[in-house]
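Presented below is the structure to which this report refers.
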2 protein chains.
Amino acid sequence: MARAAGVSTSTVSYVLSGKRPISGPTRQRVERSIRELGYRPHAGARALASSRTNVLALMAPLRVDVNVSVIMQFVTGVVTSARTFDHDVLLLTQDDSAGLERVADGSMVDALIMMDIEADDPRVPVLAGLRQPAVLIGLPTNTEGLSCVDLDFEAAGRAAVRHLAQLGHRQVALIGSPTAVLERHTSYADRMHRGFTQQSAELGLDHAYEPCESSHSGAVDAVDRVLARMPHVTGLVVHNEVALPAVIATLRERGRTIPDDLSLVAVCPHDIAVGQPVPLTSVDIPAHAIGRVAVEMAMSRVAGQQPAETRLLAPVLTERATTAPAR
Amino acid sequence: MARAAGVSTSTVSYVLSGKRPISGPTRQRVERSIRELGYRPHAGARALASSRTNVLALMAPLRVDVNVSVIMQFVTGVVTSARTFDHDVLLLTQDDSAGLERVADGSMVDALIMMDIEADDPRVPVLAGLRQPAVLIGLPTNTEGLSCVDLDFEAAGRAAVRHLAQLGHRQVALIGSPTAVLERHTSYADRMHRGFTQQSAELGLDHAYEPCESSHSGAVDAVDRVLARMPHVTGLVVHNEVALPAVIATLRERGRTIPDDLSLVAVCPHDIAVGQPVPLTSVDIPAHAIGRVAVEMAMSRVAGQQPAETRLLAPVLTERATTAPAR
DNA sequence: ATGAAAGCGCTAACAG
DNA sequence: CTGTTAGCGCTTTCAT
C-alpha cells in the first residue's frame, strides 16, 4: 500500500500514528491512498510490533439472577467509552481467573476491567501478576495498589436513611440483594448494608434488614418478613431492581399505600426509577458513568504511570412520588 | 521458551496446535516447560502468522428500550459457546457498519455475528465485502447467500393462535413490540405479526394487533386499545417481555381474570415465563440456544467451506397457568 | 522530513 | 518425528 503513495512503509505508519511530523503534501498523498485502497492496518501485526492491542477486556458477570439491566448499562458505558479511546472490548463472562490470564498473558488486551467484585475476590490476587493494568468496578476489602471505581454505596445507604429520617420516619427497613449475592460478599451489597445500618443507628432509628431473592415470590417473602419484624415500619429502602415492582405490588396488597402509609426509596438506575407505574424517589446508580470512569482510569494507567486510585462517586438522591412526611 | 524444553519453536507450535504428530516424550517435555514457564503464545503474533485470531465479533444492540434480558441471554449464549470453540468475543454495540469494517478489515476477528436484523438492514450489504463469514440472528428480507438463525417467529405466532383456537377462543389479539421496533421492520416483530395474523385469518378468528411501548404506561395503553377495539377478546398473545407484567396487571385492573375471562400466551424466554407471579403459558424464545447455533454456524463457515444456510428453530409452546378453555 | 532495516513472536512450508 | 527458515504486516530505532 505504501508504495502506491510513493512513500516508505514507515511513513505510512507515522502518518497513521502522528508520532512524527509529516509534510503536508506527503500526508495528503498517503491519506488519499489509504482511502482509495481502503487500507486498514492489521491489528495483529500492529499488536506484535507495538505491544498495544487497542482492546480492553471486560469481565462481566452475566448471571441471569443478577440484575441484568444494570449490568447492561455498565457494559454499554464501558464499550461506548472505550471507543472514545479507540479501543474495542473483549467480553469475558466466566468469572474465573483463567479468562483473565488467557487474555492478559496472551497479550490480547491493553487493560482489564472487572465487575461484580467480592470482598475477598479470588481474582484480585492474580491481577498483580499481569502485565496489564486492571480497574475494578466495586471494592474488595483491601484496595491497596488497586484501581477501583464505584458508586459510594455506603453513602447511598446513608443518604436514603437521612432522607427518610428528615421526613420524620423512625422505623426503617432495607430490602436488599439476594442471599447468594450477600454470601459472596459482593462489595456493593455489603457497603449498602453498612451505610444503611450505621446511619440508622446514629440517628436512633429502629431499623431492619432483609435480603430478597430476585423473583416475585422472593419479593413477597421479603416484604412479609419486614412487616412481621417491624409492623409499624414507615420507611423502606429497596436495593434490588429486579424485585422492585413486586415489592411495591406486595406492599399494596398488604394494605400499605405509598407514600401515605409508607415511604419508599429505591436504589437503582434512573430509568428504572422513572419507568415504574409511579416514579420512585431514588438514589441513582449511575452505571453508565461508572463504566466510563472505569475506562478512563484504565486508559490513563495504560498511557502514563498514573498510580492506582479508588474513586467513589457521590450518591444523588432525587425525590419523586414515593416519599412523604411521616404522619 | 522452546529452548528450555530442548526443542525448536516449531515443535512447540505443533504440540500446541496438534497439526502434526509429536512423540510422547517430546510432547511431555514441551508441555512441562509450558506449564512451568507459564508460557502463552502471543495472540497478535499468532494472528499475524496464521491469519486466525480466535476472536468472534458480536454486534449486539444495547439499546435500553429493547428487551435487555433477552439480549443478555443471546450474548451469554454466544460467549459461552464461543469458548467451546476456543474463541473470545469482541462486543460491538454501535450498530453501524463502521464497526464491522473496522474489526473485519483490521483482521481482528475470524467471523461476525449480528443481532437485531432489520428487513432491509443496511449492514447486510457490507458483509459481502468482508473476508470473514457472518451469521445473522434474525432474517433480512433477502437471505440469499447469508447465514441466518432465529426462532421461527412466524410459526410461533401461528402456534400461539392455534393453541387459543383449540381452547375455543374466537376473538384474539396480539400485543407486540414498540412502534420504534416495528418501524425499523425488525425481523422478529414482522414475522410474529405475520404468523399471528395469517393463522387467525385461516382459522376464521377475529383478530387485532396492537404495538406496545416498553413501559408501564405503554402497556396500559396497549391493553386499553385492545379492549376498546375488541371488547369481547378472550385470547391474548403478548410478545413484549418488558411490558408483560404491566399488561397482566392492567388486565386485572380492567376486571379481566386470567385465565377465567381471558387466556394469555406469552412469547418470551423460559425464565421470564416462569418468573411471573403466576407461570405463563408461553412460546419459548430459546435465546441461549440461538446464540449457540449462531456460533456453531460461524465456526463451521470459518473452518470449512460450509455454504451459508438459514436455520429457523421450531417454536415450543408450553401450557401453564394462563390459558384455559373459553367459556 | 523521510527511508532502510531490524525486529516483534509466531506458523507453515520445506528439509531431512 | 523434528529442525530450519522464510515470512506474516506492522513499529521504531538509526541514518540521512
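Lettering of chains follows the sequences in order, A, B, ..., and the numbering in each one begins at 1.
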Residue that, paired with B/D88, satisfies side chain to side chain contact (heavy atoms under 4.5 Å, CB included) out of A/L91, A/L92, A/V55:
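It is A/L92; the other options fail the test.
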Testing B/P133, B/S147, B/S300 for side chain to side chain contact (heavy atoms under 4.5 Å, CB included) with B/Q306, which one passes?
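Only match with B/Q306 under side chain to side chain contact (heavy atoms under 4.5 Å, CB included): B/S300.
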Treating A/D110 as the side-chain partner and A/N54 as the backbone partner, does any N or O pair qualify as donor plus acceptor under 3.5 Å?
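Judged by distance alone, yes, a pair lies under 3.5 Å.
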Distance, rounded to the nearest Å, where [X] contributes [atom1] and [N] contributes [atom2]:
X	N	atom1	atom2	value
A/L48	C/dT11	CG	P	12 Å
B/Q28	D/dT2	CD	C1'	17 Å
B/D110	C/dT11	CG	C1'	15 Å
B/R52	C/dA12	CZ	P	9 Å
B/N54	C/dG9	CG	C1'	16 Å
B/H42	D/dC10	NE2	C1'	12 Å

B/D190 and B/H185 side chains, donor-acceptor separation under 3.5 Å
yes
Shorter than 3.5 Å, N or O on both sides, protein versus nucleotides 11-14 of chain D: list them out with atom names.
unit_1, atom_1, unit_2, atom_2, d
D/dT11, OP1, A/R46, NE, 3.1
D/dT11, OP2, A/S13, OG, 2.5
D/dT12, OP2, A/K19, NZ, 3.1

What nucleic acid atoms does A/R40 come within less than 4.0 Å of, heavy atoms only: base, sugar-phosphate, or nothing?
sugar-phosphate
At less than 4.0 Å, is any side-chain N or O atom of A/T26 found next to OP1 or OP2 of C/dA1? Yes or no.
no
Non-hydrogen side-chain atoms of B/V7 and B/V15 separated by less than 4.5 Å:
no
So does A/R32 have more than 12 non-hydrogen atoms from other groups sitting under 6.0 Å from CZ?
no
